[in-house]
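One structure is given here, and the rest of the page talks about it.
Just so it is clear, the structure is predicted and the values come from calculations on it, not from any experiment. Labels below follow one simple rule: chain letters A, B, ... track the order of the sequence lines, proteins then strands, and each chain is numbered from 1.
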Amino acid sequence: MKQIYLDNASTTPLRPEVLDVMLPYFTGEFGNPSSIYPLGQHASDAVAAAREQLAGFIGAKSKEVYFTSGGTESDNWAIKGYAHANAARGKHLITSAIEHHAVLHAFQALERDGFEVTYLPVDAEGLISPAGFEAAIREDTILASIMFANNEIGTIEPIAELAAIAKAHGVAFHTDAVQAFAHVPINVDELGIDMLSASAHKLNGPKGVGLLYLRRGIKVDNLMDGGQQERGRRATTENVPGIVGFAKAAELAFAELDTEVPRLRGLRDHAIKRILVEIPFAKLNGSWKDRLANNVNCSFEFIEGEGMLLQLAARGICVSSGSACTSGSLDPSHVLLAIGLPHEIAHGSLRLTLGHDTTQEDIDFAVDSLKATLENLRMMSPLYEDYQRGNYASIIETRFSTPPDAN
Amino acid sequence: MAMDYSEKVMDHFTNPRNVGEIEDASGEGTVGNAVCGDIMRIYLDIDDDNVIQDAKFKTFGCGAAIATSSMATELVKGKTVQEALEVTNKAVMEALDGLPAVKVHCSLLAEEAIHAALWDYAEKNGIQIEGLEKPVSDIGEHDHHHQVELVEDEEDL
(Lines give C-alpha, C1' and ligand atoms only; values in the text may rest on other atoms or scores of the structure.)
Protein backbone atom coordinates (compact mmCIF):
# COMPACT_ATOMS: atom_id res chain seq x y z
CA MET A 1 0.00 0.00 0.00
CA LYS A 2 1.23 3.45 -0.88
CA GLN A 3 1.93 5.64 2.12
CA ILE A 4 0.89 9.28 1.97
CA TYR A 5 2.69 11.28 4.59
CA LEU A 6 0.81 14.45 5.54
CA ASP A 7 2.24 15.05 9.00
CA ASN A 8 5.23 17.23 8.16
CA ALA A 9 4.64 19.53 11.16
CA SER A 10 5.38 16.49 13.29
CA THR A 11 8.57 15.56 11.50
CA THR A 12 9.92 15.31 7.94
CA PRO A 13 11.92 12.77 5.98
CA LEU A 14 15.61 13.48 5.58
CA ARG A 15 16.42 14.56 2.04
CA PRO A 16 18.97 12.33 0.30
CA GLU A 17 21.21 15.34 -0.43
CA VAL A 18 21.28 16.01 3.31
CA LEU A 19 22.17 12.44 4.17
CA ASP A 20 25.02 12.55 1.62
CA VAL A 21 26.74 15.48 3.33
CA MET A 22 26.22 13.97 6.80
CA LEU A 23 27.59 10.48 6.15
CA PRO A 24 31.34 11.29 6.09
CA TYR A 25 31.06 12.81 9.58
CA PHE A 26 29.94 9.50 11.05
CA THR A 27 32.92 7.57 9.71
CA GLY A 28 36.07 9.03 8.10
CA GLU A 29 35.62 12.55 9.51
CA PHE A 30 34.57 11.43 12.95
CA GLY A 31 36.87 13.81 14.85
CA ASN A 32 35.96 15.82 17.91
CA PRO A 33 35.88 19.53 17.02
CA SER A 34 37.76 20.30 20.24
CA SER A 35 40.78 18.21 19.21
CA ILE A 36 43.90 19.91 17.90
CA TYR A 37 44.98 17.48 15.16
CA PRO A 38 43.63 17.73 11.58
CA LEU A 39 40.79 15.25 12.14
CA GLY A 40 39.43 17.49 14.88
CA GLN A 41 40.06 20.60 12.82
CA HIS A 42 38.00 19.22 9.92
CA ALA A 43 35.06 18.68 12.24
CA SER A 44 35.53 22.09 13.78
CA ASP A 45 35.63 23.71 10.32
CA ALA A 46 32.45 21.89 9.31
CA VAL A 47 30.60 23.15 12.39
CA ALA A 48 31.87 26.69 11.82
CA ALA A 49 30.76 26.63 8.17
CA ALA A 50 27.32 25.35 9.15
CA ARG A 51 26.99 28.05 11.81
CA GLU A 52 27.97 30.76 9.36
CA GLN A 53 25.54 29.49 6.76
CA LEU A 54 22.60 29.17 9.18
CA ALA A 55 23.28 32.60 10.67
CA GLY A 56 23.22 34.06 7.17
CA PHE A 57 19.73 32.72 6.46
CA ILE A 58 18.21 34.78 9.28
CA GLY A 59 20.43 37.85 8.97
CA ALA A 60 22.37 37.01 12.14
CA LYS A 61 26.06 36.93 12.88
CA SER A 62 27.78 33.58 13.19
CA LYS A 63 28.64 34.26 16.85
CA GLU A 64 24.96 34.67 17.68
CA VAL A 65 23.99 31.11 16.66
CA TYR A 66 24.31 28.24 19.15
CA PHE A 67 23.64 24.61 18.32
CA THR A 68 21.34 22.60 20.57
CA SER A 69 19.64 19.21 20.59
CA GLY A 70 16.43 20.61 19.08
CA GLY A 71 13.56 23.02 19.44
CA THR A 72 12.66 21.96 22.96
CA GLU A 73 16.14 22.60 24.32
CA SER A 74 16.37 25.93 22.51
CA ASP A 75 13.05 27.04 23.99
CA ASN A 76 13.99 25.91 27.50
CA TRP A 77 17.40 27.52 27.31
CA ALA A 78 16.15 30.87 26.02
CA ILE A 79 13.23 31.13 28.44
CA LYS A 80 14.68 29.71 31.64
CA GLY A 81 18.18 31.01 30.91
CA TYR A 82 16.99 34.55 30.27
CA ALA A 83 14.55 34.66 33.18
CA HIS A 84 17.12 33.47 35.70
CA ALA A 85 19.93 35.66 34.37
CA ASN A 86 17.75 38.77 34.49
CA ALA A 87 15.57 38.10 37.54
CA ALA A 88 17.07 41.09 39.37
CA ARG A 89 15.29 43.40 36.88
CA GLY A 90 11.87 41.84 37.41
CA LYS A 91 9.99 38.58 37.68
CA HIS A 92 7.14 39.03 35.23
CA LEU A 93 7.07 37.12 31.94
CA ILE A 94 4.61 37.03 29.02
CA THR A 95 3.75 34.25 26.60
CA SER A 96 0.65 33.03 24.78
CA ALA A 97 -1.95 30.37 25.51
CA ILE A 98 -1.21 28.51 22.26
CA GLU A 99 2.52 27.90 22.61
CA HIS A 100 4.03 24.48 22.16
CA HIS A 101 4.45 22.53 25.39
CA ALA A 102 8.21 23.11 25.21
CA VAL A 103 7.47 26.78 25.87
CA LEU A 104 4.39 26.42 28.09
CA HIS A 105 6.02 23.92 30.40
CA ALA A 106 9.22 25.96 30.61
CA PHE A 107 7.11 28.89 31.82
CA GLN A 108 5.28 26.66 34.27
CA ALA A 109 8.64 25.60 35.68
CA LEU A 110 9.52 29.27 36.12
CA GLU A 111 6.23 29.86 37.96
CA ARG A 112 7.34 27.22 40.44
CA ASP A 113 10.58 29.20 40.81
CA GLY A 114 8.65 32.32 41.82
CA PHE A 115 8.18 34.05 38.46
CA GLU A 116 4.81 35.41 37.42
CA VAL A 117 3.59 34.57 33.92
CA THR A 118 0.84 36.14 31.80
CA TYR A 119 -0.62 33.78 29.18
CA LEU A 120 -2.08 35.97 26.43
CA PRO A 121 -5.35 34.79 24.88
CA VAL A 122 -5.79 34.56 21.11
CA ASP A 123 -8.71 35.41 18.86
CA ALA A 124 -10.83 32.88 16.95
CA GLU A 125 -8.13 32.61 14.26
CA GLY A 126 -5.35 32.10 16.79
CA LEU A 127 -3.90 35.60 16.47
CA ILE A 128 -2.40 37.51 19.38
CA SER A 129 -3.53 41.11 19.72
CA PRO A 130 -0.58 43.56 19.76
CA ALA A 131 -2.69 45.97 21.85
CA GLY A 132 -3.45 43.18 24.32
CA PHE A 133 0.24 42.35 24.47
CA GLU A 134 1.20 45.95 25.18
CA ALA A 135 -1.44 46.17 27.90
CA ALA A 136 0.01 43.08 29.60
CA ILE A 137 3.50 44.61 29.90
CA ARG A 138 4.35 45.84 33.40
CA GLU A 139 7.25 47.66 35.03
CA ASP A 140 8.72 44.33 36.09
CA THR A 141 8.23 42.48 32.77
CA ILE A 142 11.55 41.19 31.49
CA LEU A 143 10.75 38.63 28.79
CA ALA A 144 8.10 37.82 26.21
CA SER A 145 7.98 34.62 24.18
CA ILE A 146 5.53 34.37 21.30
CA MET A 147 5.67 31.61 18.71
CA PHE A 148 6.34 32.61 15.11
CA ALA A 149 3.76 30.17 13.73
CA ASN A 150 1.54 27.70 15.52
CA ASN A 151 2.26 24.00 15.10
CA GLU A 152 -1.38 22.87 15.13
CA ILE A 153 -3.38 25.49 13.25
CA GLY A 154 -0.55 27.18 11.32
CA THR A 155 -1.42 30.73 12.35
CA ILE A 156 1.47 33.15 11.73
CA GLU A 157 1.68 35.72 14.52
CA PRO A 158 2.39 39.45 13.94
CA ILE A 159 5.98 39.04 15.13
CA ALA A 160 7.40 42.37 13.84
CA GLU A 161 4.67 44.33 15.60
CA LEU A 162 4.96 42.36 18.84
CA ALA A 163 8.76 42.56 18.90
CA ALA A 164 8.64 46.34 18.33
CA ILE A 165 6.30 46.74 21.30
CA ALA A 166 8.57 44.58 23.46
CA LYS A 167 11.60 46.64 22.46
CA ALA A 168 9.84 49.94 23.23
CA HIS A 169 9.24 48.68 26.76
CA GLY A 170 12.70 47.18 27.27
CA VAL A 171 11.35 43.62 27.24
CA ALA A 172 13.47 40.88 25.61
CA PHE A 173 11.63 39.03 22.80
CA HIS A 174 11.99 35.30 22.13
CA THR A 175 10.17 33.43 19.39
CA ASP A 176 9.72 29.68 18.94
CA ALA A 177 10.21 29.51 15.16
CA VAL A 178 10.32 25.72 14.96
CA GLN A 179 7.44 25.60 12.45
CA ALA A 180 8.40 28.81 10.63
CA PHE A 181 12.17 28.54 10.13
CA ALA A 182 12.90 27.87 6.44
CA HIS A 183 9.14 27.97 5.79
CA VAL A 184 8.84 31.77 5.81
CA PRO A 185 11.57 34.40 5.35
CA ILE A 186 12.96 35.55 8.70
CA ASN A 187 15.39 38.38 9.33
CA VAL A 188 16.07 38.83 13.03
CA ASP A 189 17.16 42.45 12.69
CA GLU A 190 14.23 43.55 10.54
CA LEU A 191 11.80 41.77 12.83
CA GLY A 192 13.51 42.86 16.06
CA ILE A 193 13.87 39.34 17.47
CA ASP A 194 16.29 38.88 20.40
CA MET A 195 16.14 35.09 20.65
CA LEU A 196 14.87 32.47 18.20
CA SER A 197 14.50 28.68 18.38
CA ALA A 198 14.64 26.38 15.35
CA SER A 199 14.88 22.66 14.72
CA ALA A 200 16.37 20.71 11.79
CA HIS A 201 13.88 17.86 11.52
CA LYS A 202 11.00 20.15 10.51
CA LEU A 203 12.80 21.06 7.27
CA ASN A 204 13.92 17.66 5.98
CA GLY A 205 16.98 17.70 8.18
CA PRO A 206 18.01 15.24 10.88
CA LYS A 207 16.39 14.80 14.31
CA GLY A 208 18.35 15.75 17.41
CA VAL A 209 19.71 19.10 16.28
CA GLY A 210 18.42 22.63 16.59
CA LEU A 211 19.67 26.12 17.12
CA LEU A 212 19.17 29.08 19.39
CA TYR A 213 19.83 32.53 18.04
CA LEU A 214 20.93 34.83 20.85
CA ARG A 215 21.31 38.48 19.93
CA ARG A 216 24.65 39.89 20.99
CA GLY A 217 24.36 41.38 24.48
CA ILE A 218 21.42 39.20 25.55
CA LYS A 219 22.33 37.49 28.82
CA VAL A 220 21.17 33.95 29.48
CA ASP A 221 22.28 31.41 32.06
CA ASN A 222 23.63 28.13 30.73
CA LEU A 223 21.46 25.03 30.84
CA MET A 224 24.39 22.65 30.40
CA ASP A 225 27.61 23.04 32.34
CA GLY A 226 30.75 21.24 31.29
CA GLY A 227 33.30 21.84 28.56
CA GLN A 228 33.92 24.97 26.54
CA GLN A 229 31.89 24.04 23.48
CA GLU A 230 29.65 26.67 21.87
CA ARG A 231 31.86 29.45 23.25
CA GLY A 232 31.35 28.19 26.76
CA ARG A 233 27.56 28.50 26.55
CA ARG A 234 26.49 24.95 25.90
CA ALA A 235 28.69 22.06 26.98
CA THR A 236 28.74 18.68 25.23
CA THR A 237 30.56 17.42 22.17
CA GLU A 238 28.96 18.86 19.07
CA ASN A 239 26.59 16.70 17.01
CA VAL A 240 28.76 17.22 13.93
CA PRO A 241 26.82 15.13 11.38
CA GLY A 242 23.55 16.63 12.64
CA ILE A 243 24.86 20.18 12.44
CA VAL A 244 26.22 19.64 8.93
CA GLY A 245 22.87 18.12 7.90
CA PHE A 246 20.92 20.99 9.47
CA ALA A 247 22.85 23.54 7.40
CA LYS A 248 22.38 21.54 4.19
CA ALA A 249 18.65 21.09 4.79
CA ALA A 250 18.27 24.81 5.45
CA GLU A 251 20.33 25.65 2.36
CA LEU A 252 17.99 23.58 0.18
CA ALA A 253 14.86 24.93 1.86
CA PHE A 254 15.88 28.59 1.64
CA ALA A 255 16.99 28.18 -1.99
CA GLU A 256 13.56 26.77 -2.84
CA LEU A 257 11.50 29.08 -0.65
CA ASP A 258 10.30 31.25 -3.56
CA THR A 259 8.97 28.29 -5.52
CA GLU A 260 8.05 25.86 -2.76
CA VAL A 261 5.91 28.23 -0.67
CA PRO A 262 3.54 29.16 -3.53
CA ARG A 263 3.38 25.49 -4.59
CA LEU A 264 2.45 24.36 -1.08
CA ARG A 265 0.02 27.24 -0.65
CA GLY A 266 -1.74 26.18 -3.85
CA LEU A 267 -2.03 22.60 -2.63
CA ARG A 268 -3.15 23.75 0.80
CA ASP A 269 -5.89 25.97 -0.61
CA HIS A 270 -7.00 23.19 -2.94
CA ALA A 271 -7.33 20.88 0.07
CA ILE A 272 -9.18 23.45 2.19
CA LYS A 273 -11.60 24.34 -0.61
CA ARG A 274 -12.38 20.72 -1.40
CA ILE A 275 -12.96 19.93 2.28
CA LEU A 276 -15.22 22.92 2.93
CA VAL A 277 -17.19 22.47 -0.29
CA GLU A 278 -17.49 18.68 -0.40
CA ILE A 279 -17.74 17.72 3.26
CA PRO A 280 -20.76 18.89 5.25
CA PHE A 281 -20.31 20.08 8.85
CA ALA A 282 -16.65 20.98 8.34
CA LYS A 283 -14.84 24.04 9.64
CA LEU A 284 -11.37 25.45 8.96
CA ASN A 285 -9.43 26.11 12.16
CA GLY A 286 -7.07 29.08 12.28
CA SER A 287 -6.63 31.93 9.84
CA TRP A 288 -6.75 31.40 6.10
CA LYS A 289 -4.78 34.58 5.41
CA ASP A 290 -2.11 34.45 8.14
CA ARG A 291 -1.33 30.77 7.75
CA LEU A 292 1.68 28.59 7.08
CA ALA A 293 1.69 27.44 3.46
CA ASN A 294 1.74 23.77 4.49
CA ASN A 295 -0.96 23.64 7.17
CA VAL A 296 -4.56 22.45 6.92
CA ASN A 297 -6.52 22.02 10.14
CA CYS A 298 -10.24 21.33 10.09
CA SER A 299 -12.90 20.17 12.53
CA PHE A 300 -15.62 17.74 11.54
CA GLU A 301 -18.78 17.43 13.54
CA PHE A 302 -20.41 14.27 14.97
CA ILE A 303 -17.22 12.20 14.95
CA GLU A 304 -14.17 11.69 17.16
CA GLY A 305 -10.66 12.18 15.81
CA GLU A 306 -8.98 8.91 16.69
CA GLY A 307 -11.42 6.81 14.70
CA MET A 308 -10.84 9.12 11.75
CA LEU A 309 -7.06 8.79 12.09
CA LEU A 310 -7.19 5.01 12.33
CA GLN A 311 -9.39 4.69 9.27
CA LEU A 312 -7.16 7.06 7.32
CA ALA A 313 -4.09 5.13 8.50
CA ALA A 314 -5.73 1.96 7.16
CA ARG A 315 -5.69 3.69 3.75
CA GLY A 316 -2.02 4.62 4.12
CA ILE A 317 -2.61 8.23 5.11
CA CYS A 318 -0.49 9.62 7.96
CA VAL A 319 -2.12 12.62 9.62
CA SER A 320 -2.75 13.89 13.14
CA SER A 321 -5.62 15.12 15.26
CA GLY A 322 -6.15 17.42 18.21
CA SER A 323 -8.55 15.01 19.85
CA ALA A 324 -8.04 13.94 23.43
CA CYS A 325 -8.00 10.27 22.53
CA THR A 326 -4.93 10.62 20.37
CA SER A 327 -2.94 12.65 22.86
CA GLY A 328 -3.55 10.43 25.86
CA SER A 329 -4.87 13.33 27.91
CA LEU A 330 -8.46 14.03 28.91
CA ASP A 331 -8.84 17.31 27.10
CA PRO A 332 -8.58 18.12 23.43
CA SER A 333 -5.69 20.30 22.26
CA HIS A 334 -5.10 23.48 24.29
CA VAL A 335 -4.74 25.36 20.99
CA LEU A 336 -8.17 24.36 19.70
CA LEU A 337 -9.74 25.24 23.05
CA ALA A 338 -7.90 28.60 23.07
CA ILE A 339 -9.44 29.57 19.70
CA GLY A 340 -12.84 28.91 21.23
CA LEU A 341 -13.75 25.52 19.82
CA PRO A 342 -16.22 23.63 22.01
CA HIS A 343 -14.91 20.23 23.14
CA GLU A 344 -17.42 18.44 20.91
CA ILE A 345 -15.84 19.66 17.68
CA ALA A 346 -12.29 19.96 19.01
CA HIS A 347 -12.45 16.16 19.43
CA GLY A 348 -13.12 15.86 15.71
CA SER A 349 -10.19 17.83 14.38
CA LEU A 350 -7.71 16.81 11.74
CA ARG A 351 -4.35 18.30 10.79
CA LEU A 352 -2.76 17.74 7.40
CA THR A 353 0.70 19.24 7.03
CA LEU A 354 2.20 19.19 3.58
CA GLY A 355 5.84 18.75 2.70
CA HIS A 356 8.47 18.73 0.02
CA ASP A 357 7.22 15.41 -1.41
CA THR A 358 3.49 16.21 -1.33
CA THR A 359 1.68 16.18 -4.69
CA GLN A 360 -1.82 17.17 -5.76
CA GLU A 361 -2.60 13.49 -6.24
CA ASP A 362 -1.73 12.90 -2.58
CA ILE A 363 -4.06 15.69 -1.53
CA ASP A 364 -6.91 14.44 -3.70
CA PHE A 365 -6.50 10.89 -2.45
CA ALA A 366 -6.43 12.13 1.16
CA VAL A 367 -9.55 14.26 0.73
CA ASP A 368 -11.40 11.42 -1.05
CA SER A 369 -10.42 9.06 1.77
CA LEU A 370 -11.46 11.60 4.35
CA LYS A 371 -14.90 11.91 2.75
CA ALA A 372 -15.39 8.14 2.83
CA THR A 373 -14.10 7.90 6.40
CA LEU A 374 -16.40 10.62 7.64
CA GLU A 375 -19.44 9.13 5.94
CA ASN A 376 -18.62 5.82 7.57
CA LEU A 377 -18.09 7.27 11.05
CA ARG A 378 -21.12 9.53 10.87
CA MET A 379 -23.27 6.56 9.94
CA MET A 380 -22.15 5.06 13.26
CA SER A 381 -22.59 8.26 15.26
CA PRO A 382 -25.48 8.68 17.71
CA LEU A 383 -24.96 12.44 17.50
CA TYR A 384 -25.52 12.40 13.76
CA GLU A 385 -28.59 10.23 14.28
CA ASP A 386 -29.90 12.78 16.78
CA TYR A 387 -29.14 15.59 14.36
CA GLN A 388 -31.05 13.88 11.57
CA ARG A 389 -34.01 13.35 13.88
CA GLY A 390 -33.94 17.01 14.83
CA ASN A 391 -32.90 16.31 18.41
CA TYR A 392 -29.46 17.88 18.23
CA ALA A 393 -28.34 21.24 16.86
CA SER A 394 -25.17 21.27 14.78
CA ILE A 395 -22.53 23.42 16.46
CA ILE A 396 -20.77 24.18 13.18
CA GLU A 397 -24.05 25.15 11.51
CA THR A 398 -25.21 27.39 14.32
CA ARG A 399 -21.92 28.90 15.51
CA PHE A 400 -19.41 28.67 12.70
CA SER A 401 -21.52 28.85 9.58
CA THR A 402 -19.46 31.41 7.67
CA PRO A 403 -16.18 30.02 6.42
CA PRO A 404 -13.30 32.48 6.62
CA ASP A 405 -12.36 33.99 3.27
CA ALA A 406 -9.13 33.25 1.48
CA ASN A 407 -7.19 36.38 0.76
CA MET B 1 0.89 8.71 20.62
CA ALA B 2 0.65 5.42 18.84
CA MET B 3 -2.16 3.22 20.07
CA ASP B 4 -1.36 -0.34 20.99
CA TYR B 5 -4.54 -2.10 19.90
CA SER B 6 -4.94 -5.86 19.66
CA GLU B 7 -5.86 -7.45 16.34
CA LYS B 8 -9.35 -8.13 17.71
CA VAL B 9 -9.84 -4.48 18.58
CA MET B 10 -8.68 -3.42 15.12
CA ASP B 11 -10.97 -6.01 13.54
CA HIS B 12 -14.02 -4.81 15.48
CA PHE B 13 -13.11 -1.18 14.80
CA THR B 14 -12.53 -1.74 11.09
CA ASN B 15 -15.51 -4.04 10.58
CA PRO B 16 -17.88 -3.20 13.40
CA ARG B 17 -20.72 -5.67 13.92
CA ASN B 18 -24.29 -4.56 14.61
CA VAL B 19 -24.03 -0.90 13.62
CA GLY B 20 -27.46 0.66 13.33
CA GLU B 21 -30.79 1.25 14.99
CA ILE B 22 -33.73 -0.94 15.93
CA GLU B 23 -37.17 0.50 15.25
CA ASP B 24 -39.41 0.29 18.32
CA ALA B 25 -36.61 -1.30 20.32
CA SER B 26 -37.50 -3.15 23.51
CA GLY B 27 -34.81 -1.14 25.25
CA GLU B 28 -32.57 1.74 24.28
CA GLY B 29 -29.76 3.25 26.33
CA THR B 30 -27.35 6.10 25.72
CA VAL B 31 -24.37 6.89 27.93
CA GLY B 32 -21.45 9.29 27.81
CA ASN B 33 -21.42 12.77 26.36
CA ALA B 34 -19.90 14.65 23.47
CA VAL B 35 -17.81 16.95 25.65
CA CYS B 36 -15.83 13.99 26.98
CA GLY B 37 -15.54 12.58 23.49
CA ASP B 38 -17.57 9.39 23.75
CA ILE B 39 -21.24 8.51 23.49
CA MET B 40 -22.60 5.00 23.17
CA ARG B 41 -26.17 4.11 22.28
CA ILE B 42 -27.34 0.53 22.38
CA TYR B 43 -30.65 -0.83 21.10
CA LEU B 44 -31.98 -4.21 22.25
CA ASP B 45 -34.76 -6.34 20.76
CA ILE B 46 -35.95 -8.65 23.56
CA ASP B 47 -38.57 -11.39 23.09
CA ASP B 48 -41.28 -12.56 25.50
CA ASP B 49 -38.91 -15.08 27.08
CA ASN B 50 -36.54 -12.27 28.04
CA VAL B 51 -34.03 -13.37 25.40
CA ILE B 52 -32.11 -10.71 23.51
CA GLN B 53 -32.89 -11.44 19.86
CA ASP B 54 -30.95 -8.54 18.39
CA ALA B 55 -28.63 -5.76 19.48
CA LYS B 56 -27.48 -2.70 17.56
CA PHE B 57 -25.30 0.24 18.42
CA LYS B 58 -24.23 3.72 17.44
CA THR B 59 -21.09 5.19 18.93
CA PHE B 60 -19.32 8.54 18.83
CA GLY B 61 -15.80 7.93 20.06
CA CYS B 62 -12.36 6.55 19.49
CA GLY B 63 -11.39 3.24 17.94
CA ALA B 64 -11.66 1.44 21.27
CA ALA B 65 -15.13 2.87 21.91
CA ILE B 66 -16.38 1.57 18.57
CA ALA B 67 -14.71 -1.82 19.05
CA THR B 68 -16.12 -2.30 22.56
CA SER B 69 -19.62 -1.38 21.36
CA SER B 70 -19.32 -3.89 18.57
CA MET B 71 -18.08 -6.63 20.91
CA ALA B 72 -20.63 -5.84 23.63
CA THR B 73 -23.53 -6.15 21.19
CA GLU B 74 -22.09 -9.44 19.92
CA LEU B 75 -21.80 -10.78 23.46
CA VAL B 76 -25.35 -10.00 24.57
CA LYS B 77 -27.09 -11.37 21.48
CA GLY B 78 -28.89 -14.63 22.26
CA LYS B 79 -28.50 -14.15 25.99
CA THR B 80 -31.32 -13.72 28.49
CA VAL B 81 -31.66 -10.37 30.18
CA GLN B 82 -30.23 -11.88 33.35
CA GLU B 83 -27.26 -13.37 31.49
CA ALA B 84 -26.64 -10.07 29.71
CA LEU B 85 -25.96 -8.46 33.09
CA GLU B 86 -22.88 -10.65 33.29
CA VAL B 87 -21.44 -9.03 30.19
CA THR B 88 -19.23 -6.77 32.27
CA ASN B 89 -16.53 -4.43 31.07
CA LYS B 90 -14.04 -7.10 32.01
CA ALA B 91 -15.80 -9.64 29.81
CA VAL B 92 -15.81 -7.20 26.89
CA MET B 93 -12.12 -6.46 27.41
CA GLU B 94 -11.21 -10.12 27.57
CA ALA B 95 -13.16 -10.86 24.41
CA LEU B 96 -11.14 -8.14 22.68
CA ASP B 97 -7.80 -9.53 23.94
CA GLY B 98 -7.38 -6.49 26.16
CA LEU B 99 -7.34 -2.72 25.78
CA PRO B 100 -4.58 -0.16 26.36
CA ALA B 101 -4.77 1.23 29.92
CA VAL B 102 -5.97 4.65 28.73
CA LYS B 103 -8.91 2.98 26.95
CA VAL B 104 -10.30 0.90 29.81
CA HIS B 105 -13.03 3.52 30.34
CA CYS B 106 -14.44 2.63 26.90
CA SER B 107 -15.28 -0.87 28.12
CA LEU B 108 -16.95 0.59 31.22
CA LEU B 109 -19.04 2.75 28.95
CA ALA B 110 -20.09 -0.33 26.95
CA GLU B 111 -21.21 -2.10 30.13
CA GLU B 112 -23.15 0.98 31.18
CA ALA B 113 -24.79 1.30 27.77
CA ILE B 114 -26.07 -2.28 28.02
CA HIS B 115 -27.34 -1.60 31.54
CA ALA B 116 -29.04 1.58 30.39
CA ALA B 117 -30.81 -0.29 27.57
CA LEU B 118 -31.89 -3.05 30.00
CA TRP B 119 -33.14 -0.45 32.47
CA ASP B 120 -35.17 1.15 29.71
CA TYR B 121 -36.63 -2.27 28.86
CA ALA B 122 -37.47 -2.95 32.52
CA GLU B 123 -39.13 0.44 32.91
CA LYS B 124 -41.17 0.08 29.72
CA ASN B 125 -42.44 -3.30 30.89
CA GLY B 126 -42.86 -2.47 34.57
CA ILE B 127 -40.51 -5.26 35.61
CA GLN B 128 -37.49 -5.46 37.84
CA ILE B 129 -34.26 -7.08 36.72
CA GLU B 130 -32.42 -8.56 39.65
CA GLY B 131 -29.04 -6.92 40.20
CA LEU B 132 -29.66 -4.02 37.80
CA GLU B 133 -29.37 -0.53 39.20
CA LYS B 134 -30.47 2.64 37.50
CA PRO B 135 -27.61 3.78 35.28
CA VAL B 136 -26.21 7.15 36.25
CA SER B 137 -24.34 8.20 33.19
CA ASP B 138 -26.99 9.36 30.77
CA ILE B 139 -26.09 12.26 28.54
CA GLY B 140 -25.78 15.39 30.60
CA GLU B 141 -25.07 13.71 33.91
CA HIS B 142 -21.97 11.90 32.83
CA ASP B 143 -19.62 11.26 35.66
CA HIS B 144 -16.13 10.92 34.24
CA HIS B 145 -15.08 7.34 33.91
CA HIS B 146 -11.79 8.25 32.39
CA GLN B 147 -9.54 6.29 34.67
CA VAL B 148 -6.51 7.28 32.73
CA GLU B 149 -3.10 8.52 33.52
CA LEU B 150 -2.47 12.05 32.40
CA VAL B 151 0.09 11.87 29.67
CA GLU B 152 0.96 15.05 27.87
CA ASP B 153 0.99 15.23 24.12
CA GLU B 154 4.63 15.57 23.19
CA GLU B 155 4.54 15.39 19.45
CA ASP B 156 5.99 18.15 17.29
CA LEU B 157 8.93 18.67 19.60
Residues in ring-ring contact (aromatic ring centres under 6.0 Å, His included) with A:His356, at least two apart? none
Can you sort out the partners of A:Tyr387 under side-chain hydrogen bond (donor to acceptor under 3.5 Å, both in side chains), two or more places apart, ordered by chain and number? A:Glu397
Go through the structure and list residues passing side-chain contact (heavy atoms from CB on, under 4.5 Å) with B:Glu83, not counting sequence neighbours. B:Lys79, B:Thr80
What part of A:Tyr384 is in contact with chain B, defined as an atom under 4.5 angstrom from a non-hydrogen atom: side chain, backbone, both or neither? neither
Part of residues 11-24 of chain B lying next to chain A, heavy-atom separation under 4.5 Å: B:Phe13, B:Pro16, B:Val19, B:Glu21
Working to the nearest 0.5 angstrom, can you tell me the gap between [X] [atom1] and [Y] [atom2]?
{"X": "A:Glu385", "Y": "B:Ile39", "atom1": "CD", "atom2": "CD1", "answer": "11.0 Å"}
{"X": "A:Asp386", "Y": "B:Thr30", "atom1": "CG", "atom2": "OG1", "answer": "7.0 Å"}
{"X": "B:Thr59", "Y": "A:Glu304", "atom1": "OG1", "atom2": "CD", "answer": "11.5 Å"}

Side chain of A:His347, backbone of B:Val35: donor and acceptor closer than 3.5 Å? yes
Between [X] and [Y], what is the shortest heavy-atom contact and its length?
{"X": "B:Phe60", "Y": "A:Phe302", "value": "CD1-O, 3.1 Å"}
{"X": "B:Tyr5", "Y": "A:Leu310", "value": "CE1-CD1, 3.7 Å"}
{"X": "B:Ala64", "Y": "A:Glu306", "value": "N-OE1, 4.1 Å"}

Picking from A:His334, A:Gln311, A:Lys207, A:Glu344, which has the most non-hydrogen pairs under 4.5 angstrom with chain B? A:Glu344
Please determine whether the number of non-hydrogen atoms from other residues, nucleotides or ligands lying under 6.0 Å from atom NZ of B:Lys90 exceeds 12. no
